[in-house]
Amino acid sequence: MHIPDIIIAIDGYSSTGKSSFAKIIANEFSFLYLDSGALYRGVTLFAIENGFISEDCSIDTERLEKALDNLDLHFGEDGTYIGTRCIEQEIRSLTVADKVSPIATVPSVRAFVDKKLREAGKKKRVVMDGRDIGTTVFPDAELKIFMTADPLTRAERRAAEMLAKGEKVDIETVLKNLQERDYIDSHRETSPLTKAVDAIILDNSKMTMQEQLEWLKDLISMRFGN
Ligand code: CDP
């Protein structure tokens, strides 16, 4: 299927399968996939390791902001890196998930991530997932999808994913984390999670990945003709 040079923005609630879907799309259409959440998770790991965020999530924004000038956070061969260190596994832990939404409320952190994303999006043929891609990062994206799914289904999927990677978690803890993040993400002052007016809603509670891909192909045919 032919698809023009566009940006596909996928936003939505935590663990709705945005990144899995985005990876499939990237593979299907030879698009570049960019995981904006990984950058927020990377900044969070950096903040934890350097003592910029405390146990109770109070943030030393001034010191964090200064330190961002020297933070070499980027995508590489095996995922997300700080300098030459691959941090892909650590950023997916619950320890990071617990603190990422507070960190993502900090305006200088958002500016830091936005700059990297916009740089990467210049080339087009990009699929990006996050919370504010269609509203703030690429408001002119040609195709915007807003993903949602039933909370328990999301928690079950995420717990299974973590278990497969060797992190033992219970559904209640994961569900609580998802709901807390959804709340903070939707209520923050800078670029809150909200559906762009021109985004199409995809509720995938009862859909397989194949069905999602078919849904998208139909949408692309309607939008761009084929
Ligand atoms: O994979 P999951 O949906 O659970 O989360 P993620 O995409 O890895 O994002 C982790 C966190 O980063 C979110 O809960 C948000 O707090 C923040 N985030 C954001 O604020 N804006 C984005 N564009 C992407 C992520």
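Both counts, for ligands and for their atoms, begin at 1 and track the order of listing.
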Residue-ligand contact Ser15/ligand 1, heavy atom below 4.0 Å: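 Checking ligand 1 against Ser15, which is what was asked, there is a heavy-atom contact under 4.0 Å.
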Ligand-side contact atoms (ligand 1) for residue partner Asp132, heavy atom cut-off under 4.0 Å: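 Within the 4.0 Å cut-off of Asp132, ligand 1 contributes 21 (N), 22 (C), 23 (N).
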Which of the ligand 1 atoms, numbered from 1, are nearer than 4.0 Å to a heavy atom of Gly37: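 That gives atoms 6 (P), 7 (O), 8 (O), 9 (O), 24 (C), 25 (C) of ligand 1.
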Gly134 backbone acceptor or donor facing Lys144 side chain under 3.5 Å: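 Here the side-chain-to-backbone pair exists.
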Exam field: side chain Arg41 to backbone Thr44, donor-acceptor pair closer than 3.5 Å: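 Not confirmed, Arg41 side chain does not pair with Thr44 backbone.
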Check each heavy atom of [X] against ligand 1 and say whether those closer than 4.0 Å belong to the side chain, the backbone, both or neither.
{"X": "Asp185", "value": "side chain"}
{"X": "Arg181", "value": "side chain"}
{"X": "Arg188", "value": "side chain"}

Geometric N/O contact Tyr40 with ligand 1, under 3.5 angstrom: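 N/O-N/O distance under 3.5 Å: no.
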Any N or O of Lys18 closer than 3.5 Å to N or O of ligand 1: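 Yes, Lys18 has an N/O under 3.5 Å of an N/O on ligand 1.
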For Asp170, side chain to side chain donor-acceptor pair (under 3.5 Å) partners two or more places apart: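 Checked Asp170 against side chain to side chain donor-acceptor pair (under 3.5 Å); matches are Thr173.
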Check: Tyr33 ring centre within less than 6.0 Å of Phe21 ring centre: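 No - the distance between ring centres of Tyr33 and Phe21 does not fall below the 6.0 Å cut-off.
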